[in-house]
Amino acid sequence: MVEAIRAPKQPGARKGNAFRIFHKMPFKIHSNKAPKLDEKEKEKEEMAPKQDNDEILLKYDPLAELDDCPSSSRKDSGSEASADYNGNRKRSPNEFEQASWITKHSVYGAWIVLLIFAYIREFMRRIGLESNKKVPLELPSQRHFAPLYSDFESTYTRNCYMRVRDVFERPIGSCPGAKVNVLDRYSNDYNWSFEYPGTQTDVINTGSYNYLGFAQASGPCADAAASSIDNEGLSTCGQASQTGLPSSQHRLESLVADFLGTEDAICFPMGFATNSLHCTAIADKNTLILSDEYNHASLRLGSRLSGATVKAFKHNDMADLEKCLRQAAVYGNKKRCRPYSKIIIIVEGIYSMEGSICDLPTIVALKKKYKAYLYLDEAHSIGAMGRSGRGVVEYWDVDVREVDIMMGTFTKSFGSAGGYMAGSKRLISHLRRASPTNFYCTPMSPPVAEQIIGSMSIIMGRDGTNEGALRIDRLARNARYFRLRLKQMGFIVYGSDDSPVVPLLIYFPTHCGEYGRQMLARKIAIVVVSFPATEMTESRVRFCLSAAHTKDMLDEVLDAVNIVGDHAFSKHSKRAHLYKNKRIEW
């Protein structure tokens with residue numbers, strides 16, 4: 001059993017009023033005693049060497065296999081473990097190496113200069129010194145109207161975003177597999193409009209969430225999806241409560257429950273709506289939601305729509321999470337002057353912008369200690385993590401019954417669309433009655449459901465082959481090799497080496513346009529991310545690796561990144577010399 005990280009007890013510390021009031025409750029608010037162990041665990045504990053209270057409980061050097069390479073520097077206090085993963089190597093903790101204060105202050109300076117020139121240009125347009133027919137300007141007769149957008153948002157969009165719009169929203173002309181065809185385009189008016197010559201460029205795709213490589217235009221999954229159109233059509237053309245579900249969705253829900261090991265599951269046609277529309281069915285104004293500060297926008301929106309009290313805890317920081325839980329147990333709902341009816345902890349398996357993996361064992365221990373519920377979003381981890389692709393629950397060897405609400409999407413590892421929620425029979429029955437999507441949305445399209453059934457069956461080995469296991473192993477190899485090579489080159493890379501999401505920190509917002517254009521010129525498609533999707537000082541390139549990528553493809557991407565990184569002076573890591581003479585094998 002994993003114990004929450006706690007500070008050592010100070011001698012002579014005074015006991016406050018809260019302790020005097022609550023120490024007689026049937027559960028401990030913040031016990032200084034370890035949880036009870038069974039006889040076997042007691043024997044192991046007696047044989048283990050004693051440790052001081054102020055030591056971190058779960059020690060593991062993430063780079064033990066690389067001998068003298070550095071241990072991680074992190075913002076979070078969890079995500080360390082020593083148990084084996086996939087039977088042959090250990091889990092890698094989350095790493096968050098920080099750049100120097102000079103770099104961060106320089107980034108702030110770049111933003112200040114960028115915004116100053118933006119407002120200067122706004123002033124020049126207003127007095128007529130600068131004109132661009134493509135720029136949408138407010139009519140003089142409507143300037144007394146209430147603004148639809150804030151002044152800053154409009155200024156930022158016109159003068160900052162538009163300058164690099166060509167590296168975003170790129171249309172594609174083929175299936176987004178390991179390679180993809182990008183439509184060529186150019187602009188003559190600073191990206192306000194584009195001209196398309198009708199040609200396409202074949203590039204290596206590192207931007208799509210095609211983790212297991214099931215985004216294919218041919219093969220058993222594509223063939224099954226195409227044949228389902230002849231049998232069931234494209235849509236039921238009505239709500240699930242009125243026209244019912246297609247047979248393919250019934251089979252999919254049964255397969256999802258079997259795959260996850262839960263009692264039941266329910267599927268929805270849109271992944272974003274799976275989170276945003278169903279928090280209202282499980283939370284109300286008497287509920288406290290404790291949400292990780294880096295949770296996806298769909299989780300934040302759903303939490304707000306539910307009317308619950310929402311508090312954010314620091315990213316993957318178990319000490320801060322326990323502090324929030326303890327305060328909720330002691331003080332309750334201050335606005336309503338009564339205890340919370342329930343507390344729901346919402347976390348993600350893999351965080352899509354950080355590449356980090358949640359510290360699930362400690363979260364489960366805290367959830368049980370404080371009698372809370374756990375909502376786990378496995379959008380990026382299901383299929384991509386674990387020995388058999390069953391997500392971070394399997395990755396951490398946690399009993400699936402310890403997670404109250406399992407959520408995930410089919411848009412990543414399964415090459416399709418939609419989402420699911422899984423759990424107990426009672427929970428899923430409640431969602432079928434209370435879910436807004438059951439009354440206002442159409443069910444999943446049969447071809448979409450068949451694509452998921454085909455890919456999930458391959459992952460489970462029900463096709464009679466080991467293709468699914470090979471894809472999972474290849475993805476793990478690609479992620480570890482790619483991440484360690486980037487660190488060897490001198491880049492700062494966030495997250496765990498086991499994560500297929502690879503954020504490479506470039507910090508300066510002006511480098512987003514440079515990386516996007518330079519990499520496309522080398523026939524590589526990437527995703528660049530900046531404020532407001534990230535913190536203002538942490539612009540980044542996000543690579544999403546796939547089992548469909550070959551080692552030659554990865555080496556080609558790494559060589560291109562190395563050249564662009566030298567040109568942009570974006571190699572900010574101080575640990576590259578520790579990897580310099582290490583041989584990193586695929």
Side-chain angles (χ1 to χ4, degrees), residues 99 102-172 182-201 207 272 297 300-301 353 503-521 525-542 564 567-570:
I102 297 177
T103 299
K104 291 194 173 183
H105 282 74
S106 299
V107 175
Y108 279 120
W111 274 108
I112 291 172
V113 172
L114 196 64
L115 294 176
I116 287 175
F117 274 91
Y119 279 102
I120 290 175
R121 295 189 65 198
E122 287 290 301
F123 175 74
M124 293 175 65
R125 291 194 191 103
R126 188 167 298 178
I127 64 176
L129 293 180
E130 180 181 338
S131 62
N132 186 346
K133 295 181 179 180
K134 298 290 184 178
V135 178
L137 298 177
E138 192 174 24
L139 296 176
S141 59
Q142 296 179 348
R143 288 183 178 176
H144 64 284
F145 287 11
L148 295 176
Y149 305 98
S150 69
D151 180 66
F152 175 77
E153 288 180 1
S154 300
T155 302
Y156 180 83
T157 301
R158 285 194 293 266
N159 301 281
C160 300
Y161 170 74
M162 279 298 170
R163 290 290 179 171
V164 292
R165 187 187 169 203
D166 58 305
V167 303
F168 301 102
E169 306 170 8
R170 286 176 178 152
I172 62 175
V182 176
L183 272 64
D184 297 326
R185 62 180 182 177
Y186 62 91
S187 177
N188 296 318
D189 52 11
Y190 304 104
N191 298 330
W192 285 97
S193 64
F194 293 101
E195 301 291 336
Y196 295 87
T199 58
Q200 299 183 14
T201 301
F272 189 95
R300 297 184 183 186
L301 176 60
M353 285 297 172
L504 185 153
L505 275 291
I506 56 178
Y507 295 101
F508 292 88
T510 51
H511 286 173
C512 291
E514 181 176 8
Y515 265 86
R517 293 163 187 149
Q518 291 292 333
M519 294 295 285
L520 184 61
I526 63 171
V527 171
V528 290
V529 190
S530 186
F531 179 82
T534 66
E535 294 183 12
M536 185 168 281
T537 59
E538 292 189 353
S539 299
R540 64 196 65 182
V541 178
R542 185 182 66 178
V564 178
H567 182 265
F569 298 100
S570 56

If you round to the nearest 0.5 Å, how far is [atom2] of [Y] from [atom1] of [X]?
X: Asn159; Y: Glu122; atom1: CG; atom2: CD; value: 4.5 Å
X: Thr201; Y: Leu183; atom1: OG1; atom2: CG; value: 9.0 Å
X: Tyr507; Y: Cys512; atom1: OH; atom2: SG; value: 13.0 Å
X: Phe194; Y: Asp189; atom1: CZ; atom2: CG; value: 8.5 Å
X: Arg170; Y: Asp184; atom1: CZ; atom2: CG; value: 10.5 Å
X: Arg542; Y: Thr534; atom1: CZ; atom2: OG1; value: 11.0 Å

Mind checking whether His511 and Phe508 have parallel, tilted or perpendicular rings, split at 30° and 60°?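 His511 vs Phe508 ring planes: tilted.
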
Over 60° means perpendicular and under 30° means parallel, so classify the ring planes of Trp111 and Tyr156, tilted if in between.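 Ring orientation, 0 to 90° scale: parallel.
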
Taking the side chain as every heavy atom from C-beta outward, state whether [X] and [Y] have any atom pair closer than 4.5 Å.
X: Val164; Y: Arg517; answer: yes
X: Met519; Y: Val541; answer: no
X: Arg185; Y: Pro171; answer: yes
X: Cys160; Y: Leu115; answer: yes
X: Thr155; Y: Phe152; answer: no
X: Leu301; Y: Phe272; answer: yes

Might you point out which heavy atoms bring Ser193 and Ser187 nearest each other, and give the distance in Å? O-OG, 2.8 Å

Please say whether more than 12 non-hydrogen atoms of neighbouring residues, nucleotides or ligands are located less than 6.0 Å from CZ in Phe168. yes

Assess whether atom OH of Tyr161 is packed by more than 12 heavy atoms of other residues, nucleotides or ligands within 6.0 Å. yes

Give a yes or no on whether the backbone of Pro503 and the side-chain of Arg540 come within a donor-acceptor separation of less than 3.5 Å. no

Test log, rule side chain to side chain contact (heavy atoms under 4.5 Å, CB included), inputs Met536 and Val107: CA-CA 8 Å; Met536 185 168 281; Val107 175; 5.7 Å; no

Verdict with reasoning, Arg158 to Trp192, per side chain to side chain contact (heavy atoms under 4.5 Å, CB included): CA-CA 9 Å; Arg158 285 194 293 266; Trp192 285 97; 3.8 Å; yes

No-hydrogen, no-angle side-chain donor-acceptor test under 3.5 Å, Glu195 and Asn188: no

